[in-house]
Amino acid sequence: MSVTTPEVTTATSGLTAHQLREQRRAKISATIRYVILAAVGLLMLYPLIWLIGASFKTNSEIFANPGFIPSEPTLDGYIKGWQTSTPYTFARFFWNTFLIIFPKVLFTAISATMVAYGFARFEFPGKKILFATLIAILLLPNVVTRIPQYLLFRDIGWLDSFLPLWVPSAFAGDAFFVFMLIQFLRAVPRDMEEAARVDGANSFQTLIFIVVPLLKPAIISVCLFQFMWTMNDFLGPLIYISSVEKYPVSLALKLSIDTTEAFEWNRILAMSVLAITPALAVFFIAQKHFIEGISSGGVKG
Amino acid sequence: MAGLQLNNVDKTYPNGFKAVHGIDLEIEDGEFMVLVGPSGCAKSTTLRMIAGLETISGGEVRIGDTVVNDLAPGKRGIAMVFQNYALYPHMKVTKNLDFGLRLKRRPKDEIARATTEVSHTLEIEELLDRLPKELSGGQAQRVAVGRALIKSPEVFLFDEPLSNLDAKLRASMRVRITDLHKRLKEEGRPATVVYVTHDQVEAMTMGDRICVMKDGHIMQVADPVTLYERPANAFVGGFIGMPEMNLADATLSLDDGGRIRLGDQVIDIEPDLASRLTHKGGAITFGIRPQHFELVAPGAANALTGIVRIVEFLGHEVNLHIEIEGNAFISVIPSEQFDRSMRAGDTVALHPRARNTQIFDRDTGQNASLGG
Ligand SMILES: Nc1ncnc2c1ncn2[C@@H]1O[C@H](COP(=O)(O)OP(=O)(O)O)[C@@H](O)[C@H]1O
Ligand SMILES: [Mg+2]
């Protein structure tokens with residue numbers, strides 16, 4: 001025992017030194033980890049930060065000064081950009097976007113909910129085939145249907161109008177949303193709806209008074225997705241809208257690149273900043289429901 | 001003012017599974033009928049067909065004088081209480097209660113009066129402003145009953161309404177529901193009740209009559225006393241009663257005044273049983289309730305001898321688990337008659353009380369000791 005004691009003591013102090021080293025190493029690795037994460041995060045965010053900073057710069061400074069803090073902040077880009085080189089201001093383009101988004105979001109919510117309710121809660125002839133069709137549409141790349149759709153709308157005479165942009169959605173044309181709502185509804189117990197039927201509600205009243213409130217988080221998610229995707233949609237308007245007075249924001253941004261011989265980059269950037277604000281604002285306002293909707297729609301099935 | 005009638009009702013689910021096999025059931029106006037049976041015996045299916053939540057594959061359901069097969073649930077004059085309450089989660093308790101009346105566009109003052117009355121009856125006045133998620137199980141249950149009561153339906157349907165409550169609350173809700181039924185009757189607006197449960201205590205204590213079901217068939221419809229004393233078949237005998245009735249394969253011979261052979265042991269048929277017996281002799285199932293299987297002195301006449309396996313001392317009574325000729329039997333004896341020195345492994349003699357012995361035909365399961 002007496003022989004081994006000093007060895008034990010040295011071993012203990014050695015262990016303490018070892019522990020200290022371990023601690024230091026943990027601290028260093030944590031620091032490195034956070035630095036890397038912060039750097040990558042900043043890298044991802046940099047274009048956005050630069051965009052916002054650059055929108056307050058003069059056109060010449062944008063290329064002279066690589067930093068994102070403008071040396072002489074100016075609203076010039078916003079004021080001139082808003083005016084545009086066309087007879088219309090950006091107010092017009094925002095209004096056009098609204099004219100597309102509003103009916104599209106509204107009717108998507110209504111039609112997708114109704115179709116999902118039908119699929120999730122009723123038995124009808126041909127249900128299997130129709131559901132398979134729905135999934136097929138979901139899997140089909142969008143571009144495949146572009147040409148037949150274009151020909152169809154041309155024959156109806158809807159070219160250069162907003163109709164081709166939102167009418168398909170009003171008939172539950174967005175298979176993804178229908179599918180999402182069906183999955184969500186499948187996880188909701190039927191008891192409440194049965195109680196409502198016993199209380200004397202018909203299918204439609206059950207939908208309005210019971211199913212829609214239960215589906216609220218999912219429907220809000222649908223609206224948000226549709227809002228953001230429509231706001232950002234470039235190809236749709238590019239194909240169907242030809243006159244400048246009907247341009248939505250996404251097309252109008254490109255307009256300033258096309259028409260001026262020397263690009264006024266600060267104007268373009270300023271308008272880009274304005275273009276992303278509605279989506280950001282709506283997202284943050286509805287964030288709570290949105291997250292709820294995704295998680296509850298995704299986990300169960 | 002409506003009785004209820006099921007005539008040869010069938011149910012086949014879309015997947016081809018036949019859940020209900022042509023059942024006939026007549027429930028009188030104002031009667032409290034309990035549907036009881038093991039899980040999966042189609043109690044809920046039957047109730048849901050009455051409610052109109054499941055289609056009826058064959059036969060007819062009448063409420064009062066109306067065939068309701070094709071009527072929507074809301075038009076059948078019924079109200080239903082679900083097992084997990086099924087309250088509307090986004091509506092306050094008041095709105096939950098009067099949802100049905102609002103759909104019917106009843107005048108506002110009438111709705112208010114009904115809500116007050118019902119919430120008073122069920123003592124949920126202070127809960128009216130809460131959301132369902134802010135209620136305890138017992139409170140949610142009372143709101144669910146209130147939502148049914150407020151419509152003054154002709155027929156109340158309950159699907160295992162108490163099975164999510166703890167034992168104590170279940171007992172008090174049980175009394176509350178029977179009480180309510182009685183009170184409605186006294187007030188001159190009797191309500192017919194169909195109450196589904198798998199719990200025989202609920203069935204025996206609540207039902208005016210009880211309908212015992214198994215695999216989509218009705219095994220017996222009778223009042224609690226008849227069901228206990230004169231089970232129509234071995235299934236009902238075994239299902240009703242605690243602990244379960246002892247059932248053992250035996251052979252009946254009618255020579256020499258009649259004998260029952262159980263393995264190597266033979267007992268005589270006593271006059272009490274003989275007078276009731278309608279069996280022609282042969283393979284039978286011998287049934288005796290643990291409470292009627294008396295401990296007697298070794299060597300007593302007409303007793304079966306067996307070996308004690310387990311002694312369960314419950315205080316007021318003792319459960320003896322006994323093995324007789326390879327069959328497990330239970331005998332319940334009052335604790336004052338219990339010999340404290342009895343141990344597992346002892347040999348005992350037991351006498352099945354003739355008055356309570358049941359003889360079932362082994363092939364059909366039918367009771368052959370109910371008298372002519
Ligand atoms: N939607 C359905 N499709 C197919 N079979 C079902 C369906 N619902 C219930 N069943 C079957 O019908 C039988 C009776 O079910 P149920 O009425 O719920 O029984 P209980 O309420 O007595 O426990 C069970 O075997 C069950 O598996
Ligand atoms: Mg059930």
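Side chains included, hydrogens not; waters and symmetry mates left out as well; all remaining heavy atoms used. Naming convention: chains lettered A, B, ... in sequence-line order (proteins, then strands); numbering from 1 in each chain.
- Of the listed residues (B:A72, B:A51, B:P89), the greatest number of heavy-atom pairs within a distance under 4.5 Å of chain A belongs to B:P89.
- Here the closest non-hydrogen pair linking B:A86 and A:A195 is O-CB, 3.9 Å.
- Here CE of B:M80 is found 8.5 Å from CG of A:D191. Values are rounded to the nearest 0.5 Å.
- Using a 4.5 Å cut-off between heavy atoms, B:L157 does not touch chain A at all.
- Going from atom CZ of A:R190 over to atom CG of B:L53 covers 11.0 Å, rounded to the nearest 0.5 Å.
- The number of heavy atoms from other shown groups lying within 6.0 Å of CZ (A:F171) does not exceed 12.
- Between the NZ atom in B:K95 and the CZ atom in A:F209 there is a gap of 11.0 Å [rounded to 0.5 Å].
- For CG of B:D65, the number of neighbouring non-hydrogen atoms (other residues, nucleotides, ligands) closer than 6.0 Å is 12 at most.
- For OH of A:Y34, the number of neighbouring non-hydrogen atoms (other residues, nucleotides, ligands) closer than 6.0 Å is 12 at most.
- Taking a 6.0 Å sphere around NZ of A:K216, one finds it holds 12 or fewer heavy atoms contributed by other residues, nucleotides or ligands.
- Heavy-atom contacts from other residues, nucleotides or ligands closer than 6.0 Å to NZ of B:K18 number more than 12.
- Taking OG1 of B:T55 as the start and CD of A:E123 as the end, the distance is 10.5 Å to the nearest 0.5 Å.
- Using a 4.5 Å cut-off between heavy atoms, A:Q205 contacts chain B through its side chain alone, with no backbone atom that close.
- With B:Y88 contributing its side chain and A:A196 its backbone, the two residues share a donor-acceptor pair below 3.5 Å.
- Annotation: A:L45, atom CG; neighbour count of heavy atoms from other residues, nucleotides and ligands within 6.0 Å is above 12.
- Around the CD1 atom of A:I129, the shell of radius 6.0 Å holds no more than 12 heavy atoms that belong to other residues, nucleotides or ligands.
- Atom CZ of A:F122 is surrounded by more than 12 heavy atoms from other residues, nucleotides or ligands within 6.0 Å.
- Remark: A:I210 CD1 to B:M91 CE distance equals 4.0 Å, nearest 0.5 Å.
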Exercise for review: Would you sort out whether B:K151 and A:D199 count as a side chain to side chain contact (heavy atoms under 4.5 Å, CB included), showing the intermediate values?
Suggested key: CA-CA 8 Å; B:K151 294 192 291 178; A:D199 266 347; 3.0 Å; yes
Practice item. Give the intermediate values and the outcome of side chain to side chain contact (heavy atoms under 4.5 Å, CB included) for residues B:R48 and A:E194. Key: CA-CA 10 Å; B:R48 290 164 56 80; A:E194 293 180 340; 2.8 Å; yes
